[in-house]
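Both ligands and their constituent atoms are indexed starting at 1 by order of listing. Nothing here was measured: the structure is a model prediction, and the numbers come from that model.
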Amino acid sequence: MAGDRSGAGPGATSPGGTGDGEPGWWPEVEPFRIKAVERIRRTTRAERERLIEEAGLNLFGLRSEDVYIDLLTDSGTSAMSDNQWAGLMVGDEAYAGSRSFYALRDAVEETMGLPYVIPTHQGRAAENVLFTTLVREGHIVPNNMHFDTTRAHVEHRKAEALDLAGPWAYDPVSEVPFKGDIDLEALERVLCERGASVPLVLLTVTCNSGGGQPVSMANLRATSDICRRHGVPLFLDAARFAENAYFIKRREPGYGSRTIPDIVREMFAYADGCTMSGKKDCLTNIGGFIALRDPDLYQRATVWAVLFEGFPTYGGLAGRDMEAMARGLREVLDEDYLEYRTGQVAYLGRCLAEAGVPIIEPVGGHAVYLDALRFLPGLGREALPGQALAVELYIEGGVRGVEIGTVLAGRDPTTGLDRYPRLEMVRLAVPRRVYTRQHLEVVVEAARRVLARRDGIRGLAFAEEPPVLRHFTARFRRL
Ligand SMILES: *Cc1c(COP(=O)(O)O)cnc(C)c1O
């Protein structure tokens, strides 16, 4: 993995430097210092072998205190800033008309330009409320790639979740700068042939299931044009909108000198609304929202929000959580932060690649994805190589990643058969502002050691398989 693939300036020098115009001779150092710490415990290999067996070879079954470096998810695992913690104290817990709701609404309108905001307890709750309002049996929802809960919510409405990312998204080694782009011709075709059954089009920024890959502004603009011509609203699944904006700044011609807030405003200008998981780019531990442009849709959605979440000025959240989200939404636009953030993920990817570990390239915004089919070439897809690799990383170094492959994809609801995705991966998601470079070096060493003994690694099969979102609670056995 040579050179600067990410454009995020991984490594010892940073072409961008800091946001204040300093020439960039220093690495993407943390633009913060540490004010509070949380102890983590190292375990022995023998302990980990016992613990993962007890968990049914499913990393979701482990206790967090038995994990040394937890890269299961970047969702809700961010370290909040002193400013956000201070916000908790001034949160307004009123049932109706909370000051913290207005703080959130103002932050959303200021950053995204969307005036109608419904808070929800997290991103999937926003999906539930929006899809209950818009999606009916027989509908089709196109997306670059559906995130797992997004797909589940579309299917729960008895509609079809259609992934339309281009073929580039499924090539593990292509050096395409915007692998998250939707296939515009495929979208046009779907809207021409079945447009009457499409209640909305989604674009996931960054494309989580595709490796945290960004969507270009050109693709956002063109998608919006197509949707407008067919009279179909476009929504962003906006969980990592700021990371996406940073990639646009660094990789897309014409955006290098634009500010992040400016790029974010343009991204959302192409959309009719968004669902948001605050647990990602709001830098909070809980929260989410729907943001809309259309007052009528807002009125229709609030009916369901009251039923599923709560009164529209708290939506399943404490006032203090809305306050923390409002502050996080502004902090995440800081270019120094985004440079450090994407640079840290790129650093992990570069070190793994240098150690010979097969990864998906280019590295995305929030995670490094190991390519399990190349890592364990002896195991077929039916032997669940991603799950097997994730288990071995835990045994080796106390590192917890997560399978993004056949286990996660689940069964086709009509045929009942396993859906084999084109890629079998282990995602190492990096929590925001939490781990240091030394922690990441432990991850690299663990992966290197698993690679060295890969010929002895056996595949897995389901021992217990729940019918919905099976990856969370399934148990496995070794083949
Ligand atoms: C996390 C995520 C969701 C769901 O959000 P939760 O807060 O976990 O419910 C939806 N879409 C994408 C792209 C996500 O990353």
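Residues satisfying the side chain to side chain contact (heavy atoms under 4.5 Å, CB included) criterion with Trp85, sequence neighbours excluded, are Met80, Leu88. Arg194 meets the salt bridge (charged side-chain N to carboxylate O under 4.0 Å, His left out) test with Glu160; sequence neighbours excluded.
Within the 3.5 Å criterion, the main-chain N or O of Gly287 finds no donor-acceptor partner in the side chain of Gln122.
The aromatic rings of Phe462 and Phe476 lie tilted to each other, with the angle between the two planes from 30° to 60°.
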Short N or O contacts of ligand 1 with protein, under 3.5 Å, listed by atom name?
{"residue": "ligand 1", "atom": "5 (O)", "partner": "Ser277", "partner atom": "OG", "Å": "3.4"}
{"residue": "ligand 1", "atom": "7 (O)", "partner": "Gly123", "partner atom": "N", "Å": "2.8"}
{"residue": "ligand 1", "atom": "7 (O)", "partner": "Ser277", "partner atom": "OG", "Å": "2.7"}
{"residue": "ligand 1", "atom": "8 (O)", "partner": "Gln122", "partner atom": "NE2", "Å": "3.4"}
{"residue": "ligand 1", "atom": "8 (O)", "partner": "Arg124", "partner atom": "NH2", "Å": "3.0"}
{"residue": "ligand 1", "atom": "9 (O)", "partner": "Gln122", "partner atom": "NE2", "Å": "2.8"}
{"residue": "ligand 1", "atom": "9 (O)", "partner": "Gly123", "partner atom": "N", "Å": "3.2"}
{"residue": "ligand 1", "atom": "9 (O)", "partner": "Arg124", "partner atom": "N", "Å": "2.8"}
{"residue": "ligand 1", "atom": "9 (O)", "partner": "Arg124", "partner atom": "NE", "Å": "2.7"}
{"residue": "ligand 1", "atom": "11 (N)", "partner": "Asp237", "partner atom": "OD1", "Å": "3.0"}
{"residue": "ligand 1", "atom": "11 (N)", "partner": "Asp237", "partner atom": "OD2", "Å": "2.8"}
{"residue": "ligand 1", "atom": "15 (O)", "partner": "Asn208", "partner atom": "ND2", "Å": "3.0"}
{"residue": "ligand 1", "atom": "15 (O)", "partner": "Arg240", "partner atom": "NH1", "Å": "2.8"}
{"residue": "ligand 1", "atom": "15 (O)", "partner": "Lys280", "partner atom": "NZ", "Å": "2.8"}

Residues 320-329 side chain polar contacts: donor-acceptor under 3.5 Å, at least two apart:
{"residue": "Glu323", "atom": "OE1", "partner": "Ser100", "partner atom": "OG", "Å": "2.7"}
{"residue": "Arg327", "atom": "NH1", "partner": "Asn83", "partner atom": "O", "Å": "2.9"}
{"residue": "Arg327", "atom": "NH1", "partner": "Asn83", "partner atom": "OD1", "Å": "3.0"}

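Side-chain polar atoms of His366 and Asn208 form a donor-acceptor pair below 3.5 angstrom.
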